[in-house]
Amino acid sequence: MDVLTAAWVGAGSPTPHAATLTGECSHCGAQDHLVSVRSVVSKQFTGFDGWANPSGRGVCLGCAWAYSTAELRAGAHLITRDPAALAPLDRAGVAARLRSGPIGAGEALVVPMRPGRKHLLPTAVWGRISIEDIDLVWGRQEMCLLGMVDQLRALGFGSRMLTAPAPPFQVMKTLTPPQFRQALQAWGQLEPWRQTGNPWMALAVHVTTPTTTKESRR
Ligand SMILES: [Zn+2]
């Protein structure tokens, strides 16, 4: 079972569209009742890479749900294979999941860091975190480095500072000697994540960004 199908089954196999055709699903290739492609993706949609048959007329009910459900693009979701399940996660929920253990072969995590922009679920793969344009592994090493980000956050370093080449003095000058050493050590350990555009760092910064007062009041 692929990630999309597990998510659809986990969501209760919703069918927001009427199937008006039969044939081969343009996206996954399954022989099924189909919903017209036009009714599930916009005219501007260009993400046909990897579709089984991009020029086909219809998609199956599961694929139609995955492409047309706005919530799937708006927020993070954890999908599990056995049993098939789909769970929405807020940013703090994603951070908690990433701290708790590696992403195993029976799980997939989808994290739209720019909500609403791209369809991530339809191309998500087991054992990976899908962010825009890339699927990331998440093992012990990544957990450890996320722990370093957490430590630096706790010492007062903000999102922009975390990707700076050296720990900014404005925070360093406020630290006690043991904290100072801790910050330097964490900074050094995060070196592999600190190249421009490193996707793990982008994810770690995103999920550990403190929720604003405004958001927490909702
Ligand atoms: Zn399909």
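- Trp126 and Leu89 are assigned to two separate hydrophobic clusters, defined by single-linkage of ILVMFWY side chains at heavy-atom distances under 4.5 Å.
- Taking a 6.0 Å sphere around NE2 of His206, one finds it holds more than 12 heavy atoms contributed by other residues, nucleotides or ligands.
- Linking ILVMFWY residues whenever their side-chain heavy atoms come closer than 4.5 Å, directly or via other members, places Phe45 and Leu72 in the same cluster.
- Every pair tested for ring-ring contact (aromatic ring centres under 6.0 Å, His included) that includes a residue from residues 69-103 fails, sequence neighbours excluded, so the list is empty.
- Heavy-atom contacts from other residues, nucleotides or ligands closer than 6.0 Å to CD of Glu132 number more than 12.
- Taking CG of Leu203 as the start and CH2 of Trp193 as the end, the distance is 7.5 Å to the nearest 0.5 Å.
- Each of Val110, Val111, Val94, Asp135 was compared with Ile129 under the side chain to side chain contact (heavy atoms under 4.5 Å, CB included) criterion, and only Val111 meets it.
- Arg153 places a side-chain N or O within 3.5 Å of a backbone atom of Thr208 that can act as its donor or acceptor partner.
- Between the Asn198 side chain and the Trp200 main chain, a donor and an acceptor come within less than 3.5 Å of each other.
- Ring planes of His27 and Trp51: perpendicular class, angle over 60° (limits at 30 and 60°).
- Note that SG of Cys60 is 7.5 Å distant from CG of Leu4, once rounded to the nearest 0.5 Å.
- Placement of Leu145 and Leu184 within a single hydrophobic cluster is found when ILVMFWY residues are connected by side-chain heavy-atom separations under 4.5 Å, directly or transitively.
- If you chain together hydrophobic residues whose side chains sit under 4.5 Å apart, Leu98 and Ile134 fall into the same group.
- Between atom CD1 of residue Ile79 and atom CG of residue Leu109 there is a gap of 7.5 Å, rounded to the nearest 0.5 Å.
- Heavy atoms only, all atoms of each residue included: Gly156 and Val171 are closest at O-CG2, 3.6 Å.
- Between the Thr69 side chain and the Ala66 main chain, no donor and acceptor come within less than 3.5 Å of each other.
- Annotation: Arg57, atom CZ; neighbour count of heavy atoms from other residues, nucleotides and ligands within 6.0 Å does not exceed 12.
- Using cut-offs of 30° and 60° on the angle between ring planes, the pair Phe157 and Trp187 is tilted.
- No continuous path of ILVMFWY side-chain contacts below 4.5 Å connects Val41 to Leu21, so the two sit in separate hydrophobic clusters.
- Interatomic distance, CG of Leu34 versus NE2 of His17, reported as 13.0 Å (0.5 Å rounding).
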